[in-house]
J.: 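First the structure, which I've put down as structure tokens, then a few questions once you've had a look.
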There are 2 protein chains.
Amino acid sequence: MPTIKEIATMASVSRSTVSRVLNDSGYVSDEARKRVEQVIKETGYMPSVQAKALRTKKTKVIGVIVPTIRTETSSRLVAGMDYILAEAGYQVLLATTNQEREKELEFLQLLQTRQVDGIIFAATNVEPTLIEKINCLSIPITVIGQEIDGVPNVLYDDYHAAKDLTQLLISKGHKRIGFIGVNEKDRAVGYLRKKAFLEMMKRASLNVETGWVQEGIFDIHSGYVATEKMLAYSKQLPTAIFAVTDRLAIGAMQFLKQHNYRVPDDIAVVGIGASEISEHLTPALTTVDYQYEQAGRQAAMLLIQQLNVKESVTKKIVLDYRLLDRDSV
Amino acid sequence: MPTIKEIATMASVSRSTVSRVLNDSGYVSDEARKRVEQVIKETGYMPSVQAKALRTKKTKVIGVIVPTIRTETSSRLVAGMDYILAEAGYQVLLATTNQEREKELEFLQLLQTRQVDGIIFAATNVEPTLIEKINCLSIPITVIGQEIDGVPNVLYDDYHAAKDLTQLLISKGHKRIGFIGVNEKDRAVGYLRKKAFLEMMKRASLNVETGWVQEGIFDIHSGYVATEKMLAYSKQLPTAIFAVTDRLAIGAMQFLKQHNYRVPDDIAVVGIGASEISEHLTPALTTVDYQYEQAGRQAAMLLIQQLNVKESVTKKIVLDYRLLDRDSV
DNA sequence: AAACGGTGTGGTATCGATACCACAAATTGT
DNA sequence: ACAATTTGTGGTATCGATACCACACCGTTT
């Protein structure tokens, strides 16, 4: 690959002129421009991204931090981001934390020294040190899925979605409803969804047995186990189970089917997430669609907006959700 | 962030000495080293990746080209790669092609000008122009999932896996077996799996009605539709369906259940891919586990190997697969 | 005719690091 | 004691681009 210097020599102009042609900046005579373009075409020259980045401090790369890329949620998020970012000429540099807190910090640092133009961060645990780090970051950032003050956020409306879903169960006549959650350190998925559930039950004056509240992690099997425990420890069996993710719901349904409970006739099940499989289950799972790809797009757009205006915006976007009332209730 | 020059001044040494400390190369007195390290610690200095890359031509970034990041297959692949690459100090720059051929070429070019240290390419269509481009690339590359001569490959054993799976169906007494494939331009998934199926049927002297052979794309719904067509156009109904991916198999099962065919009693179903959900379906899907994460790891390891020896290896790794004989047959 | 503003071009400094060489000082060998 | 290493350090060139300024050349304006 030739350098700009060689192109300049070949076209009998200075490097400056070649640069002007490349960036379409400043004055260049038609004649000079043509000569340069000709040489560029002949040689297939492409300017060195490294050199350009060093000089201009712009890399056209966006760092994306996600807990994992294996789950449908994350991969859809990233797909959505990538769609918008690619359109705007950016590429995605991926960083996966595997839920480890030190790694979140580490990657924020790493991406900064890599001089990415911006960061999109799908956080899980939001603790003070992390927030502090984010706030003193010199790069535009957008946080998705967890609320952090002072930075642009794209948020799911976990609270209201969970409320609506609980209300749906109640309105269909369920009075005994079990709950499968996750660790409450995850404020959005763990804390807010549970809070909404409990509040709605209280408002409807419905009792929640302690055995009805179980906790899983993020995989299908833990939904299975949680359901097993729930049924074992209940004085009275619940008639419905609210699982905070589709995978947990799928695990629950699997356990129920295998133990000859009919869904939804004996026990109804709902999830959150609208995973691809959810509508192909029998019965089709009632769930909430957060439209993760859309969320990724929004986050990317919000970031690009910041990059363009060059001053930190602190907008919050609360995403819409759709209740998918299907056959499992 | 200070520069190496400032660190040098602060530690009363030259930039060269700081560089030597940073890279642990050449001779540096203990005393000088200590002073430099002290200043680095105090300032929190981190060398500019851009400048380093410009000088050394190494970016510590690996470009990964995949058709999409939304599917379980791809996301697992990438997760596997990321695991190994992160361990070796590389980061992943993502490029998704959405199956568009021009984009595959475009990204190969783009990644090259970005001076990534290596490329991992999960190709789909392998046509001459692409192969040519790959062969004249100046960067180490590893291709995964499709066989291309002259470059290191990580391959699934599509042919034998499909044969084994067909054999399994035959050995369980099935004589009328339907097939749901994908476009044969995809040599691995479309062509090889079909070839293996047809050969095994022929070898067992089993007839394959034309209506029994259907084609879908890569989503669940197309498996549903293909099954619908298959049953509509069959003179005699098949007793088993071989779908070349799990998603197609899931679509098939969904259609069958909804139309009151029992799986596997009336019609058995098998897939390929061992998607997470496959074991949680009722009945649990018989499928082939390609261990995509493992595949991603292998590809990453193969690439790193090339980077280390600095000469192009042309090794081929054919991955092992596991037949998961579950309840859908 | 002098002054002026718009065009077009080249030269030089710079971004922040490493490579490489020159050279001084310390150590070793004979 | 002197040459030959080994060790330690700094200076300069370079990677490949852009930023910015200086200047030359025009045609207008006063």
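The sequence lines fix the lettering, A, B, ..., with proteins before strands; numbering per chain opens at 1.
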J.: Does A:Thr56 reach a base, just sugar-phosphate, or nothing at all? Heavy atoms under 4.0 Å.
T.: sugar-phosphate
J.: Residues two or more places apart in sequence or in another chain: which of them pass ring pair (Phe, Tyr, Trp, His ring centres under 6.0 Å) with B:Phe107?
T.: none
J.: Would you kindly say whether A:Ser74 and A:Thr71 are connected by a side-chain donor-acceptor distance under 3.5 Å?
T.: yes
J.: A cation-pi test, strictly: NZ or CZ of A:Arg297 under 6.0 Å from the centre of the six-membered ring of A:Tyr83 and no more than 45 degrees from its axis. Yes or no?
T.: yes
J.: Is there a residue in residues 17-32 of chain B whose heavy atoms reach under 4.0 Å of DNA chain C, and which residues are they?
T.: B:Ser19, B:Asn23
J.: Checking all strands, does A:Val49 fall into the base, sugar-phosphate, or nothing category for heavy-atom contacts under 4.0 angstrom?
T.: nothing
J.: Between which nucleotides of DNA chain D, read 5' to 3', does contact with chain A run, using atoms under 4.0 Å from its heavy atoms?
T.: D:dG16 to D:dA19
J.: Could you tell me whether A:Arg35 and A:Glu31 make a salt bridge, using a distance below 4.0 angstrom between a side-chain N and a carboxylate O?
T.: yes
J.: Please determine which of A:Thr142, A:Ile304, A:Leu303 meets the side-chain contact (heavy atoms from CB on, under 4.5 Å) test together with A:Ile62.
T.: A:Leu303
J.: Is it true that B:Asp219 and B:Arg70 make a salt bridge, defined as a side-chain N closer than 4.0 Å to a carboxylate O?
T.: no
J.: Applying side-chain contact (heavy atoms from CB on, under 4.5 Å), can you list everything that pairs with B:Val49, at least two apart in sequence or on another chain?
T.: A:Thr113, A:Arg114
J.: Have a look at A:Ser16 and say if it touches a base, only the backbone sugar-phosphate, or nothing, with a 4.0 Å heavy-atom cut-off.
T.: base
J.: Suppose we screen for side-chain contact (heavy atoms from CB on, under 4.5 Å). Which residues come up paired with B:Leu137, at least two apart in sequence or across chains?
T.: B:Leu108, B:Gln112, B:Ile119, B:Lys133, B:Ile141
J.: State, without any angle test, whether B:Asp186 and B:Gln146 hold a side-chain donor-acceptor pair at a distance under 3.5 Å.
T.: yes
J.: Under the salt bridge (Lys or Arg N to Asp or Glu O under 4.0 Å) rule, what do B:Lys41 and B:Glu37 come out as? Steps first, then yes or no, please.
T.: CA-CA 6 Å; B:Lys41 196 180 293 173; B:Glu37 282 171 348; over 6 Å; no
J.: With nearest nucleotides of DNA chain D determined for B:Ala51 and B:Arg33 from heavy-atom distances, which residue corresponds to the more 5′ nucleotide?
T.: B:Arg33
J.: At 10 degrees resolution, what angle do the end axes of the helix from C:dA1-D:dT30 to C:dT30-D:dA1 form when each is taken over five base pairs?
T.: 50°
